**Student:** 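Once you've had a glance at the structure underneath, I'll fire off some questions.
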Amino acid sequence: MGAFRNSSGGTLDRTQRIRFRFDGKQYSGFQGDTLASALLANGVRVVGRSFKYHRPRGVFGMGVEEPSAMVRLRTGARAEPNVRVTEVELFDGLEAHSQHCWPSVNFDLGAIANVMSPLLPAGFYYKTFMWPATKWMFYEHFIRKAAGLGSSATEPDPDNYSRSYEFCDVLIVGAGPAGLSAALSAASSGAKVMLVDETPDGGGRLRFDDEVINDGPADKWLNETLRELSKMPNFEFRFRTTAFGYYDQNMVVALERVSDHLPEPEPGQVRQRVLQIRAKQVVLASGSIERSIPFGYNDKPGVMLASAVRGYALKYAVACGRRAVVFTNNDSAYATVTALHSVGAQVVAVVDSRTQSPGKRALEQLGDAKLIQGSVVIKTKGLRSVQAVEIGQIADEGDSPKKSHTIRCDLVCVSGGWTPTIHLFSHAQGKLNFDDSISAFVPGADIPALHVVGSANGEFSLAACLRQGSDAGIESAKQAGYETTASVSIPTAPEESVGDMEPLWSVPRTGSRVKRFVDIQNDVTIDDIELAHTEGFVSVEHLKRYTTLGMGTDQGRTSNINGLANLARLRKAEVPEVGHTTFRPPYTPVSLGALAGVDFSEHLSPVRRTPLHQWHERNHAHLQNSGVWKRPAYYPRTGESVQDAILRETRHVREKVGITDVSSLGKIDVQGRDAAEFLERIYINRWKSLQIGRCRYGLMLREDGFVFDDGTSTRLSENEFYMTTTTANAGPVLEHMEIYAQTVWPELHVHLTSISDQWAGMALAGPFSRNVLNTVIGEQAASNENLPYMGVINARIADVPVLVFRVSFSGELGYEIHIPSRQAELVWETILAAGQEWEIAPYGLEAMTILRIEKGHVVAAELDGRTTAADLGFGRMMKPDGDYVGKRLAERSALTANGRKQLVGIKSIDSSPIPRGAQIIAEPSGGKPAQTFGQVTSACFSPHLNQEIGLALIKDGRLIYGKTMYAASPLTGREVPVEIVHHIFVDAEGERVRG
Amino acid sequence: MPKVNESVANRKSIPSVLVLEIEFSLLYQVHGLTTEGCGNRLNEFGVHLLPAYGKSVAGDDFEVLSNGPGMWMVQSRKRDREFILLRLRELLADTDATVTDLSSARLTVQVSGVSSRTFLKKGCPADIDSLESGDVISSVIGHLGATIHCMGDDFTVYVLQSFGTDFWEWCRLSTMEFNM
């Protein structure tokens, strides 16, 4: 076993030995180890290199606060960078690699940056790489390469991630003494309680600290409590779960690491799960984190938080060093002395910066270690790790300490006090107060339905933590509607003073080149803060961004307060005056995979497919996105280019017969005895007069008088209309009509139901379309007499009841056949089979677009929200009498005045393609600014006319037919001469569609 | 039983979730029907009283689900589509109610198994655990609008037919951890 592990002690399962590799070398540990404890047990001190200066770094903390011991965990596609070794549960076969070093962590050529560090102070790249300005991108490449942390895997992530929406009466964050006490009280009321904790088993420091609860060992109470809670059906544990964000209305988002403790997830098992928890009440028992003291070279491996050293000793039986010095400004670090003794380490001295004597319990814990009061550790010595410390005394505040002696040691246990973990409270917009007694920010004014307890609330005595937790549990359950029974007993612990702490925000400078690190993740030193202050970055937010203090994966958990206090010192202000930076979610890094869940790749956003989608795929259609829909663009044949396929399909419709899928059209069932009156008010044209079995083209306006949408509506019976809308506006039109039906005209008896998914649609168009229809529904049914233009009949195709509409938007004889969508493919194939004699062929969206431009039919490109009915040539549809939505504002002068842009057709004069979106100008401009008279809305090559054509909105366009203008596209540098013509190129008289 | 990271504690003990399409589900949306207006008109379908808002009642081969204020979804798995549409319209002809056929408009799936709630919670932001037998909610699953009908630990889920493929794909990805 490792040379730094005691043969007994700790809470490990020593029967299960686990083998793992770090930087290719094999080591072993035990079940229950973290990677950090196993590395320490094996004497591995240098785990990584620092962000900026490539200085050697070792394990500093024991949990989420760890700033520097990060590795690349696993290999291949599952490799994950920047994983804190303190949070990795050891598993057999684990493989980890140090990161940000070359060729090895112990000999890193990048450490040249440390030698050059005087040239690389905070913000150096803002000042050094200014010239020439155009070269910044060049410099940036190298700066980014030199700095940074680990690199992520480049292969696709093979794991599954999940999300779960959870609800509870009381959510408790943190399963330490306060959280467990709260859980017991709240759950005993019958409330639905959920407890989340980031560790595998909860309990916090009760798992190893020598504490007493209910007159017995704390771990006994802990196990009994966990057992009791586990018997409650209204209680749920969520271990290995970190609450990382607190959002509105008490929604807490947490990350559950479902299988990260396994070599790899079992087949099908998710790796991580994001929980979105809605709680009526939240109890934050998120604890506190010990902070460091900046002194000379306090970043070396061997400098650790005192509480972490204690934890490794008691929980894992690991001595983090042989000869230790404890450096503290408070009593809590004294417990580390006894812990180190228990694993055979020697504590050479306790250096206490306070002049007053520590508390009684601390003195008991000191044992035979030497106490050096009123002194500080000036700096550490040693190349890659601590080999000695220089001790000195500070005569007056702010003076440099005078070195008194050097102590040989390999471990410095540092404690600068405790910082409550109030990140989630801040996410909830909670204001923080500065508590001078603990020199830390604590929760300020209460937030409804949120209770902060224990050390997160600045309360560090165990007795008080238990009491606050229990009280909060009772109160939160009560506010959630549950009364706690009188039988709930509050756990007790000895009332002990935790002793006063005296803030020591940094050990004063003793030499100009001695680095005193505030943020050891980002290599931010006291000198950097002083430089920032000198250069005018005196706001904490500016300080953060200029120096990177508190950024990165640890977000300054052990360093922020030191940085703020040093800025306060420089500003000659108090810490509360300086304030603090804003805590934002996530509290701790969350993998992008977990946030995405199953919403990735093609599942990123929902896709609508028509009922004929599989047929299109089987027949090699090129599918394109059309809003949320997948629609066939064209059906290429072997060896055919895209353009050839589109032109072939277009010609086929003009010359023979084609069929296309129009299922994505919006369809709305309008029913009720006032349905006709309702449409009369929604559309600009008349509807009451429409006969049963007939359909009509309709146009609706927005309230501001501009065109909203168009489509046909069919009267199926006296009180039932079948409305179609454009694909894009299916939802907005229904919403628009519902608002009018429910709030503006509640007196009208009308009901609206989306039937877009109920009915598939297919358009049959071309000179032979009636021949095809004759075959499938019979000649009499398809005759011009029975089914005239704009007529509708019920029919059956392949014994499926269908609606056949005689409508066309292509300028050809055409029909739309609507079928219950489940039978769509059967009917489609029946029509294709029946049409073989006339060489029927499917056509896609691209051909449909050309056909409609040739016919001059408007779509979304022309209904762009800025056009009026008159602009589009529908002015005469607007009924002069009777009211309808948009009528009033459509009559305002700006919308009826001369000079508005009007829909026209354009033809390319020199046969060059007309750029879509081009501006219409009067004369060639040579790329110079010119007055624009309108814009091209649609353009294509018309195979029917053998010409480049388009639609455009041009000022007074209908008055200048025959005029030559220019379609200018500054982006492409093209100016195409075009002739202004009528917007209908094909079948202007409507003879084909009525034929 | 207490729950300790349910899906983590002992994966082998987790029963499968079963998600099956109900292919012959007939659906009709009834608008504007009141309890008074309904009277005993639906007696022949075994429906004697309209359910309260957010609830459902079962008749002979029929279920009536309240899916909005004054809105009812009539569901049947056995009878003839056109017949039911005509018959419903006939029965409600002298009321203010209207009937719309949605039999092809929805993908109908049955979710069953003791982990059915855990499965639905992966995609539905509503409080699935609080649903009781007979409850009906309109929510979303996997970002897709859905009507969810609870029948104990079994659920019937209705989503738009055009999102059916997407919904199945969501189901496929989300049931992997249940050994489906």
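A note on names: the letters A, B, ... follow the listed sequences, proteins ahead of strands, and every chain is numbered from 1. What you see is a predicted model, and the numbers here were worked out from it, not measured in a lab.
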**Student:** Would you give the length of the straight line joining atom CD1 of B/I128 to atom OH of A/Y165, rounded to the nearest 0.5 angstrom?
**Tutor:**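 Reported to 0.5 Å precision, the distance equals 11.0 Å.
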**Student:** Mind listing the closest non-hydrogen atom pair of B/D166 and A/P606 along with its distance?
**Tutor:**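 Nearest heavy atoms, B/D166 then A/P606: OD2-CA, 2.9 Å.
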**Student:** Among A/D757, A/T753, A/D669, find the residue that satisfies the side chain to side chain contact (heavy atoms under 4.5 Å, CB included) test when tested with B/L102.
**Tutor:**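 When A/D757, A/T753, A/D669 are each tested with B/L102, the side chain to side chain contact (heavy atoms under 4.5 Å, CB included) holds only for A/T753.
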**Student:** As a test of understanding, state which of A/Q758, A/R822, A/R608 forms a side chain to side chain contact (heavy atoms under 4.5 Å, CB included) with B/Q161.
**Tutor:**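 So, applying the side chain to side chain contact (heavy atoms under 4.5 Å, CB included) to B/Q161 and each of A/Q758, A/R822, A/R608, only A/R822 qualifies.
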**Student:** Relative to chain B, which of A/R673, A/Q823, A/M194, A/E602 shows the most heavy atom pairs under 4.5 Å?
**Tutor:**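 Top count of heavy-atom pairs under 4.5 Å with chain B: A/R673.
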**Student:** Please look at A/S754 and chain B and tell me whether the side chain, the backbone, both or neither of the residue comes under 4.5 angstrom of a heavy atom of that chain.
**Tutor:**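 Only the backbone of A/S754 comes within 4.5 Å of chain B.
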**Student:** Enter the distance from B/S162:OG to A/K630:NZ here, rounded to the nearest 0.5 Å.
**Tutor:**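 That separation rounds to 14.0 Å.
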**Student:** Are B/T165 and A/H613 close enough that a side-chain donor and a side-chain acceptor fall under 3.5 Å?
**Tutor:**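 No pair is found: no donor N or O on one side chain lies under 3.5 Å from an acceptor on the other.
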**Student:** With a 4.5 angstrom heavy-atom cut-off, which part of A/S663 approaches chain B: side chain, backbone, both or neither?
**Tutor:**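 Neither part.
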**Student:** Under 6.0 Å from the ring centre and within 45 degrees of the ring axis: does the NZ or CZ of A/R609 meet both conditions for the six-membered ring of B/F163?
**Tutor:**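 No, A/R609 does not sit over the ring of B/F163.
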**Student:** Evaluate side-chain contact (heavy atoms from CB on, under 4.5 Å) for A/K192 paired with B/D129, printing each intermediate quantity in order.
**Tutor:** CA-CA 11 Å; A/K192 186 179 177 185; B/D129 282 337; 3.4 Å; yes
**Student:** I'd like to verify something: which residue of B/G32, B/C124, B/G70 has the highest number of heavy-atom pairs under 4.5 Å with chain A?
**Tutor:**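 When all of B/G32, B/C124, B/G70 are compared, B/C124 has the most.
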**Student:** For the pair A/H749 (side chain) and B/D96 (backbone), establish whether a donor and an acceptor sit closer than 3.5 Å, ignoring hydrogens and angles.
**Tutor:**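 Yes, because the side chain of A/H749 sits within donor-acceptor range (under 3.5 Å) of the backbone of B/D96.
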**Student:** I need the residue from A/S164, A/G597, A/P265 with the largest number of non-hydrogen atom pairs under 4.5 Å to chain B.
**Tutor:**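 Of the candidates given, the most pairs with chain B belong to A/S164.
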**Student:** Pick one of side chain, backbone, both or neither for B/L160, based on which atoms fall under 4.5 Å of a heavy atom in chain A.
**Tutor:**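 The answer is both parts of B/L160.
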**Student:** Between A/Q269 and B/E177, which heavy-atom pair has the shortest distance, and what is it?
**Tutor:**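 Taking A/Q269 first and B/E177 second, the nearest heavy atoms are CA-CB, 4.3 Å.
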**Student:** Please classify the contact of A/D599 with chain B as side chain, backbone, both or neither, using a heavy-atom distance under 4.5 Å.
**Tutor:**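 Contact with chain B involves the side chain of A/D599 alone.
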**Student:** Which region of A/P801, side chain (C-beta onward) or backbone (N, CA, C, O), has a non-hydrogen atom less than 4.5 Å from a non-hydrogen atom of chain B, or is it both or neither?
**Tutor:**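 It is the side chain, since no backbone atom gets that close.
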**Student:** For each of B/A97, B/G123, B/S174, tally heavy-atom pairs with chain A at distances under 4.5 Å, and name the one with the top tally.
**Tutor:**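 Most pairs with chain A among the choices: B/G123.
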**Student:** If you measure from NZ on B/K121 to OG on A/S162, what distance do you get to the nearest 0.5 Å?
**Tutor:**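 One finds 11.0 Å between NZ of B/K121 and OG of A/S162.
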**Student:** What part of A/R278 is in contact with chain B, defined as an atom under 4.5 angstrom from a non-hydrogen atom: side chain, backbone, both or neither?
**Tutor:**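 When you check distances to chain B, no heavy atom of A/R278 falls under 4.5 Å.
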**Student:** Side chain from CB out, backbone as N, CA, C, O: work out which of these in A/W629 comes under 4.5 Å of a heavy atom of chain B, or both, or neither.
**Tutor:**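 Looking at A/W629, just its side chain touches chain B.
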**Student:** For A/Q614, is it the side chain, the backbone, both or neither that has a heavy atom under 4.5 Å from a heavy atom of chain B?
**Tutor:**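 Contact with chain B involves no heavy atom of A/Q614 at all.
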**Student:** Output the distance between atom CD (B/Q29) and atom CG (A/L752), rounded to the nearest 0.5 Å.
**Tutor:**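 Here the interatomic distance stands at 11.5 Å.
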**Student:** Please classify the contact between A/S821 and chain B as side chain, backbone, both or neither, with a heavy-atom cut-off of under 4.5 Å.
**Tutor:**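 Both parts, backbone and side chain.
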**Student:** Please state whether the side chain, the backbone, both or neither of A/Q276 comes within less than 4.5 Å of a heavy atom of chain B.
**Tutor:**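 Neither the backbone nor the side chain of A/Q276 comes within 4.5 Å of chain B.
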**Student:** How many angstroms lie between CD in B/E169 and NE2 in A/H603, if you round to the nearest 0.5 Å?
**Tutor:**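 Here the interatomic distance stands at 4.0 Å.
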